[in-house]
Amino acid sequence: MFIGGVVIALWTMFVVPTMAQELRGDTPHTAVISAFAPELNRLKADVKGASEKSVNGVAFTTGTLEGQKVVLFLSGISVVNAAMTTQLALDRFSIKRIIFSGIAGGVDPGLRIGDVVIADRWGQYLEVVFARKVGKGWAKPPFFKYPYANFGMMFPRAIKVPRAGIDQPEDRFWFSVDKMLLSAAHRAANDVTLARCTAEKRCLNRSPRIVIGGPGVSGSAFVDNTAFRAYVFRTFGARVLDMESGAVAHVAYANDVPFIAVRSLADLAGGGEGANQMEIFLNLAANNAAAVVKALLRAMPE
C-alpha cells in the first residue's frame, strides 16, 4: 500500500501538470466570445486551420482569424454563464486579450437598430437592492454603497471585486475597456462597411454607424420597457445594454486581461415603435458585429 501510495503521489506530481500544460498550451490567443450560436457562426466560418475541443461541455475553436491566433467559444446567455465560461477559458488557454461580439439593445435615443457600439466601460446595473417600502419612501440597508439613483424599489449598488495586488476586495461599479484595444477600434472603424438590409430585403431607413465610447451596462434581464430604458439612459448614461459584457469585463479585470466588447443593436430595449424587432434584425446585427470584430483583429498587432 505504501509503495502504491508513492506511485500515486509521483503520478500526481508529474503526469497531471503535464496534462494541464498540454491543454493550456504556450501560444497566446485572442479570445473571441459570443452569447449564442447565430453570433459566433459568422466568425467561425472564416477561421483558418480550425480545431475544436470541448471542456465541461463548452466547445472551444482554435485557429487563425484575420491573422490573429484565436480561440472562439460561446459564453451562453446571461451574466452567470458569461462569467463561468470566460474564467473556464482563461484557466485552460493562454489568452492575451478578450473580444466580445454580439447583439444588444439600444439605450441612447440617438442610436438606431444596426448601429455598432463599442463602449469604453461596462457596469452591472442590475446588481441591486430591493428596498423596503417605508411610508412614501424606501429604506435601504446601510452596509452597501449606492452610487446611482433608484428605479422604484431597485437601488443599484457597487460590488466587491478581489484582484491580485490589493489587500481587500474593492467596491467597483464600472470596468473600463482596454485603452489600446479602444485605440485599435478607432482604426478599425474606417475599415468596415455595415449592412443596411437583411437577407430578406428588410432594410433600415438609414445606414448604420459605428459609435465608440460611452458606457454600456449588463444584467440578467431582457429589457423591452420604455420607462426602464429611459431610466437606464438618464441614470447611467448608457448607450447600450446586454446580458453578458459587464460580467466578462468583470472577469477580465479580475484576471488582468485586456477586454473590449463590440455590440450591434438588434432592438431598442423598448424604445422602438410597435413590437420588439430583434427577431427581424438579429442576423443583420450579428453580421455587423462580426464585421467590426474582424476589422478590429486586423487593426491589432500580431
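Judged purely by atom type and a 3.5 angstrom limit, Ser264 has no side-chain atom pairing as donor or acceptor with the backbone of Val116. A side-chain donor-acceptor contact under 3.5 Å links Arg163 to the backbone of Tyr253.
The aromatic rings of Phe93 and Phe60 sit tilted relative to each other, their planes meeting at an angle between 30° and 60°. Relative orientation of the Tyr231 and Phe228 rings is tilted, given thresholds of 30° and 60° on the angle between their planes. Using bins of under 30°, 30° to 60° and over 60° for the plane-to-plane angle, the ring pair Phe173/Tyr148 lands in the tilted bin.
Partner of Gln68 under the side chain to side chain contact (heavy atoms under 4.5 Å, CB included) criterion, out of Lys294, Arg298, Arg97: Arg97 alone. Of the residues listed (Thr27, Thr61, Thr62), the one engaging Val71 in a side chain to side chain contact (heavy atoms under 4.5 Å, CB included) is Thr62, and it is the only one. Each of Val293, Ile33, Ile99 was compared with Leu43 under the side chain to side chain contact (heavy atoms under 4.5 Å, CB included) criterion, and only Val293 meets it. With Val262 as the partner, the side chain to side chain contact (heavy atoms under 4.5 Å, CB included) test is satisfied by one option alone out of Val292, Val32, Ile210, Asn288: Val292.
Taking hydrophobic clusters as Ile, Leu, Val, Met, Phe, Trp and Tyr residues chained together by side-chain heavy-atom distances below 4.5 Å, Ile77 does not share a cluster with Leu40. Cluster annotation: Leu204 is not connected to Ile103 through the hydrophobic network of ILVMFWY side chains, with a link wherever side-chain heavy atoms come within less than 4.5 Å. Val192 and Leu181 end up in the same hydrophobic cluster when Ile, Leu, Val, Met, Phe, Trp and Tyr side chains are linked at under 4.5 Å. When the side chains of ILVMFWY residues are joined at heavy-atom separations under 4.5 Å, either directly or via intervening members, Ile159 and Trp174 end up in two distinct hydrophobic clusters. Tracing side-chain contacts under 4.5 Å through hydrophobic residues (I, L, V, M, F, W, Y), one never reaches Val134 starting from Phe143; they form parts of separate clusters.
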Evaluate salt bridge (charged side-chain N to carboxylate O under 4.0 Å, His left out) for Glu170 paired with Arg172, printing each intermediate quantity in order. CA-CA 6 Å; Glu170 59 181 340; Arg172 178 168 289 273; 3.4 Å; yes

side-chain hydrogen bond (donor to acceptor under 3.5 Å, both in side chains) for Ser78 and Ser220? Distances and angles first, verdict last. CA-CA 5 Å; Ser78 200; Ser220 292; 2.9 Å; yes

Would you check, one step at a time, whether the test salt bridge (charged side-chain N to carboxylate O under 4.0 Å, His left out) holds for Asp115 with Arg206? CA-CA 10 Å; Asp115 289 347; Arg206 69 167 175 80; 2.9 Å; yes

Arg263 vs Glu244, test: salt bridge (charged side-chain N to carboxylate O under 4.0 Å, His left out). Steps then yes/no. CA-CA 11 Å; Arg263 289 292 196 167; Glu244 298 86 22; 2.8 Å; yes

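Between Asn81 and Ser75 the shortest side-chain heavy-atom distance does not fall below 4.5 Å. Between Gln124 and Phe175, the closest side-chain pair of non-hydrogen atoms falls below 4.5 Å. Annotation: side chain of Thr86 is not in contact with side chain of His250 (no heavy-atom distance under 4.5 Å). For the pair Ile260 and Leu296, the minimum side-chain heavy-atom distance is below 4.5 Å. Within the 4.5 Å cutoff, the side chain of Asp120 has no heavy atoms near those of the Lys179 side chain. Side-chain contact between Trp138 and Arg132: absent, with no pair of heavy atoms (C-beta onward) separated by less than 4.5 Å. Side chains of Leu282 and Phe36 form a contact here, defined as non-hydrogen atoms less than 4.5 Å apart. Looking only at side-chain heavy atoms (C-beta outward), Val128 and Phe130 come within less than 4.5 Å of each other.
Residue Leu268 holds its CG atom at 10.0 Å from CD of Glu273, rounded to the nearest 0.5 Å.
Atom NZ of Lys48 sits in a sparse spot, with 12 or fewer heavy atoms from other residues, nucleotides or ligands closer than 6.0 Å.
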